[in-house]
**Student:** 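Below you'll find the structure I mean.
All heavy atoms count here, side chains included; hydrogens, waters and symmetry mates do not. Below, read A as the first sequence line, B as the second, and so on, with proteins coming before strands; counting in each chain starts at 1.
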Amino acid sequence: MRLSRYFLPTLKETPAEAQIVSHRLMLRAGMIRQAAAGIYSWLPLGFRVLKRIEQIVREEQDRAGCHEMLMPTIQSADLWRESGRYEDYGKEMLRIRDRHDRDLLYGPTNEELITDIFRFYVKSYRELPQILYHIQWKFRDEIRPRFGVMRGREFLMKDAYSFDFDYAGSKHSYNKMFLAYLRTFDRMGLRAIPMRADTGPIGGDLSHEFIILAETGESEVFCHRDWLSLDLRRDDVDYDGDLEPVIESFTSLYAATDEKHNPATCPLSADELVTARGIEVGHIFHFGTKYSAPMNAAVAGPDGEPVHCQMGSYGIGVSRLVGAVIEASHDDAGIIWPEAVAPFKVGLINLRTGDAACDAACDDIYSRLEAAGVEVLLDDRDERAGAKFADMDLIGLPWQLVVGPRGLKSGQVELKRRSDGTREEVSIDSALSRLTGQP
RNA sequence: CGGGGCGUAGCGCAGCCUGGUAGCGCGUCUGCUUUGGGAGCAGAAGGCCCCCGGUUCGAAUCCGGGCGCCCCGACCA
């Protein structure tokens, strides 16, 4: 992409409404634009990141054997009356009436809808287990939306729903999602700690929140200090094997949210206990028959008798993750994108647009990177060097390749790594092989 | 929903108390000079001062009522 033709409205000053660093940086980097309280438009740069995060979530769900589908944003109130949640959900649910005076709602979640679909088609235990998911916009009319996309009213969420014949099967589905979540967040360069959590109004008896530690987190959390250095990577997961031992290795180490933490019974010494604030990026629940019973989602067992399915639901806040990654990875100059979610891998800076040698070198590097499948943003604007450096640092692409007349005289360009600021003078060919991974 | 704050040019703000020509910085446009970490000079464009009503000869400014946004708290799969 050539910056001179892109839509990247960066801001030098911070809009007054932004309080936390991720919100400030998203506004300054031209990623989002507020449309109303807690409702945002995603501008091209922000949308690229959102899509990347969504794709990682998708790949890890698929790897765990889940099946993607898409349910609508607008739902009929009737299903919610059936589960009893139409009244329970309260003012947080956005209720809509159509021209025929039928009650509709903008979905805050999808348990009812998925259960309705499931019960219509699935009649035998032999069709289980099943995990279905979608990635769809939700709306919750929060009393006080805040912190940009971290707590919006409209937000993009991945929600998955598992159906099993018995508790053992359901626990296995839960474990699969537990591990899929660890992999998902790890791929984004995040340390997400699974913490025992309250199930809240959704009900159930088993629940973990995946928490990123950050000063701007909305809730207080408690965990063993070993979590801060524990290796969370699990590359060799066999989702069909026995997952209990590996789950046990994580759940045996203390970590709890505010609701589940009790100082009186906490087993940790003051020395071991870390008290911090956290951002919830994922939440998994096992809730048994809470929806399958009232909505009569049952399958025939081996003996022919109908049994209500054991269910779980599993959410990841996709749009919130964009903010969470920034909270976890930035410096005074701007965002530092982990390569896996970066909107572009390389920022190619032409320090002297209009200079024949610089233009030619940049065009050459640009086309060779594109040919190698490396996503590159070429700053070919007629701006001064300082402005280009500042904007590139702000938008935080992992690599900056700086082409200027001075270095070009000796065939050198400067390769800068955004994460630690290290730079080196290298030849164009050497820079290209570094960035493309090809000799 | 309780408490607090703010709505003035694209962004950040001053002016309001004490009513009388709507300002500053950044950004934008033109030209010239510049050019390796947010340049300099000269010129220019850009405003329903959130909305409605009231007081007044006269309202960005005073009064009343709305609306919007932000913060703290409570709330929150």
**Student:** Return the pairing partner of B:rG10 with a 3.5 Å limit on both distances, Watson-Crick or G-U wobble; otherwise return none.
**Tutor:** B:rC26
**Student:** Look at the side chain of A:E13 against the base of B:rG27 and say whether a donor-acceptor pair falls under 3.5 Å; ignore hydrogens and angles.
**Tutor:** no
**Student:** What interatomic distance, in whole Å, is found between P of B:rC72 and the corresponding atom of B:rC50?
**Tutor:** 25 Å
**Student:** In the structure shown, which nucleotide is the Watson-Crick or G-U wobble counterpart of B:rC17, with both distances under 3.5 Å?
**Tutor:** none
**Student:** Name the closest nucleotide to the A:R144 side chain, picking from B:rG27, B:rC71, B:rA39.
**Tutor:** B:rC71
**Student:** Which residues, if any, of residues 315-338 of chain A bring a heavy atom under 4.0 Å of RNA chain B?
**Tutor:** A:G315
**Student:** OP1 or OP2 of B:rC1 versus the side-chain N and O atoms of A:K91: is any pair under 4.0 Å?
**Tutor:** yes
**Student:** State the pairing partner of B:rG73; accept Watson-Crick or G-U wobble contacts with both distances under 3.5 Å, and report none otherwise.
**Tutor:** B:rC1
**Student:** Could you work out the separation of B:rG15 and B:rC24 based on their P atoms and round it to a whole Å?
**Tutor:** 15 Å
**Student:** Measure the shortest side-chain to side-chain distance between A:E244 and A:K171 over non-hydrogen atoms and say whether it is less than 4.5 angstrom.
**Tutor:** yes
**Student:** Between A:Y86 and A:R95, is there a cation-pi geometry (under 6.0 Å to ring centre, at most 45° from the normal)?
**Tutor:** yes
**Student:** Quote, to the nearest angstrom, the P distance that separates B:rC11 from B:rC49.
**Tutor:** 16 Å
**Student:** Less than 4.5 Å apart, side chain to side chain, heavy atoms only: is that true for A:R418 and A:W399?
**Tutor:** no
**Student:** In terms of side-chain heavy atoms of A:R423, which of B:rG12, B:rG37, B:rG38 is nearest?
**Tutor:** B:rG37
**Student:** Angle class for the A:W42/A:W137 ring planes (parallel below 30°, perpendicular above 60°, tilted otherwise)?
**Tutor:** tilted
**Student:** On a whole-Å scale, what distance lies between the C1' atoms belonging to B:rG10 and B:rG27?
**Tutor:** 7 Å
**Student:** By nearest atom, which of the nucleotides B:rC71, B:rG38, B:rG37 is closest to the A:K416 side chain?
**Tutor:** B:rG37
**Student:** Of all the choices, B:rG38, B:rG37, B:rA74, which nucleotide is nearest to the side chain of A:I143 once you look at every atom?
**Tutor:** B:rA74
**Student:** Are any of the side-chain heavy atoms of A:S292 and A:F163 separated by less than 4.5 Å?
**Tutor:** no
**Student:** Looking only at atom types and distance, does a side-chain atom of A:H283 sit under 3.5 Å from a main-chain N or O of A:S313, one as donor and one as acceptor?
**Tutor:** no
**Student:** In whole angstrom, give me the gap between the C1' atoms of B:rG3 and B:rA74.
**Tutor:** 11 Å
**Student:** Just compare B:rG37, B:rG38, B:rG12 and give me whichever is closest to any side-chain atom of A:P15.
**Tutor:** B:rG12
**Student:** Watson-Crick or G-U wobble partner for B:rU56, using a 3.5 Å limit on both distances?
**Tutor:** none
**Student:** Identify whether NZ of Lys or CZ of Arg in A:R48 sits under 6.0 Å from the centre of the six-membered ring of A:F344 and within 45° of that ring's axis.
**Tutor:** yes
**Student:** If you only use heavy atoms from C-beta on, which nucleotide in B:rG38, B:rG37, B:rC72 is closest to the side chain of A:R146?
**Tutor:** B:rC72
**Student:** Rounded to the nearest angstrom, tell me the gap between atom CD in A:E142 and atom P in B:rC69.
**Tutor:** 15 Å
**Student:** If we take the C1' atom in both B:rG46 and B:rG58, what is their distance in whole Å?
**Tutor:** 27 Å
**Student:** Decide yes or no for A:Q136 and A:M71: does some side-chain heavy atom of the first lie under 4.5 Å from some side-chain heavy atom of the second?
**Tutor:** no
**Student:** Rounded to whole angstrom, note down the P distance from B:rU21 over to B:rC16.
**Tutor:** 13 Å
**Student:** From the list B:rU35, B:rC69, B:rG37, which nucleotide is the closest neighbour of the side chain of A:R384?
**Tutor:** B:rU35
**Student:** Choosing from B:rG36, B:rC70, B:rG38, which nucleotide comes nearest the side chain of A:A385?
**Tutor:** B:rG36
**Student:** For A:E383 and A:Y314, find the nucleotide of RNA chain B closest to each by heavy atoms; which residue's nucleotide sits nearer the 5' end?
**Tutor:** A:E383
**Student:** What's the closest nucleotide to the A:R352 side chain, out of B:rU35, B:rG36, B:rG12?
**Tutor:** B:rU35
**Student:** Report yes if at least one side-chain N or O of A:Q400 is closer than 4.0 Å to OP1 or OP2 of B:rG37; otherwise report no.
**Tutor:** no
**Student:** Report the base-pairing partner of B:rG31 (Watson-Crick or G-U wobble, both distances below 3.5 angstrom), or none.
**Tutor:** B:rC41
**Student:** Given B:rG12, B:rC26, B:rG37, which nucleotide is nearest the side-chain atoms of A:F389?
**Tutor:** B:rG37
**Student:** Give me the distance, rounded to whole Å, that separates B:rA42 from B:rG25 when you measure between the P atoms they each carry.
**Tutor:** 12 Å
**Student:** Measure from CD on A:E17 to P on B:rC11 and round the result to the nearest Å.
**Tutor:** 9 Å
**Student:** Could you tell me which nucleotide pairs with B:rU61 by Watson-Crick or G-U wobble geometry, both distances under 3.5 Å, or answer none if nothing does?
**Tutor:** none
**Student:** I want to know whether A:F178 and A:Y314 have ring centres closer than 6.0 Å.
**Tutor:** no
